[in-house]
Amino acid sequence: MAARYFQFVSWSSRTRKSVEPALDVVRDDLPCIFTFWHGEQFLIPTAVAKRLPLCALVSRHGDGEVQAAAMETFGIDVIRASGGRNPKKTRVKGGVQGSLEMLSALKHGTSVCMTANVPKGPARTVGRGVITIARLSGRPIYPVAHVTSRNWILNSWDHAVINLPFSKTAFVLGNPVQVDCGAGEAELEVLRGELEHELVRITQEARDCAGSKIKSGTG
């Protein structure tokens, strides 16, 4: 039902900035890592599914069940694992196994998508997870934003945005971030900041293009 709803949002909405020319940019960099804000990921499968081999990291939390089912409906392979800032909890939630599965997918030519921010907040702060996968795999990170002009914003830690039908939509692909396998802590932090800045930038660009009144940093 979730997949059908967001497909209806996509079908009923008018595109202001299309995914088609954007994805052409990444063809020479495949496989790659697509990343986006947790809470703003719901329309992305309607844009990228069936256009390239793709698997998605989905949490083992309760709401992950709905997201996993929706992803699979779109034909996206799902890796069920959760991370976090506590190493012990990351192991229990399958974070290490999930990372290994993503690295294996990238090695065998399948792009992966994962959220950039870590539950449960801050809402618009990039965590180290996506940077670590890029460093270990050698594959570039491409930040993406797919937004609508009409939305509901939930009172959740990530200020989740529920896209509404009969909207204007915009898909924006950001500049890639490449992480060297030998990068040290200081360089990793710089790259994390660059990725965060780029995600904020493209999300606001997409919102401006679609005519959304939400401002980046507020959900």
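What's counted below: heavy atoms across the whole structure, side chains too, no hydrogens, waters or symmetry copies.
Scanning both residues, F42 and V161, for their nearest heavy atoms gives CD1-O, 3.3 Å.
Interatomic distance, NZ of K213 versus CZ of R207, reported as 14.5 Å (0.5 Å rounding). Distance CG/L191 to CD1/I141: 8.0 Å, rounded to 0.5 Å. Here the straight-line distance linking atom CG of L188 with atom CG of D180 works out to 9.5 Å at 0.5 Å rounding.
Between the side chain of R135 and the main chain of G182, no donor-acceptor pair closer than 3.5 Å is present. Side chain of N117 to main chain of A123: a donor-acceptor pair is present (N/O by atom type, distance under 3.5 Å, no hydrogens or angles). Remark: the backbone N or O of T169 is not paired with any side-chain donor or acceptor of S167 at under 3.5 angstrom. Remark: the backbone N or O of A116 is paired with a side-chain donor or acceptor of T35 at under 3.5 angstrom. When atom types are taken as modelled, the side chain of D28 and the backbone of V25 share no donor-acceptor pair closer than 3.5 angstrom. Between the side chain of S13 and the backbone N or O of S10 there is no donor-acceptor pair closer than 3.5 Å. In this structure, Q7 contributes its side chain and Y5 its backbone to no donor-acceptor pair below 3.5 Å. Side-chain atoms of E198 never come within 3.5 Å of backbone atoms of G174 as a donor-acceptor pair (strictly under, hydrogens ignored).
Cluster annotation: M71 is not connected to L43 through the hydrophobic network of ILVMFWY side chains, with a link wherever side-chain heavy atoms come within less than 4.5 Å.
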Step by step, work out the ring pair (Phe, Tyr, Trp, His ring centres under 6.0 Å) result for Y142 and F36. CA-CA 9 Å; Y142 274 92; F36 36 81; over 10 Å; no
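The aromatic rings of W157 and H38 sit tilted relative to each other, their planes meeting at an angle between 30° and 60°.
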Please output the side-chain donor-acceptor pairs of residues 103-115 that fall under 3.5 Å, not counting sequence neighbours, one pair per line with the distance.
| residue | atom | partner | partner atom | Å |
| --- | --- | --- | --- | --- |
| H108 | ND1 | S104 | O | 2.8 |
| S111 | OG | C32 | N | 3.0 |

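For the pair L173 and I202, the minimum side-chain heavy-atom distance is 4.5 Å or more. Residues F166 and T148 have side chains not in contact (no heavy-atom distance under 4.5 Å, counting atoms from C-beta outward). With contacts defined as side-chain heavy-atom distances shorter than 4.5 Å, the pair P140/I33 does not qualify.
By the salt bridge (charged side-chain N to carboxylate O under 4.0 Å, His left out) test, K168 pairs with no residue at all, sequence neighbours left out.
Checked for salt-bridge contact, E205 and K17 meet the test: a charged N lies under 4.0 Å from a carboxylate O. A salt bridge is absent between R192 and E187; no separation between the charged side-chain nitrogens and carboxylate oxygens falls under 4.0 Å.
Each of I79, I76, V78 was compared with V58 under the side chain to side chain contact (heavy atoms under 4.5 Å, CB included) criterion, and only V78 meets it.
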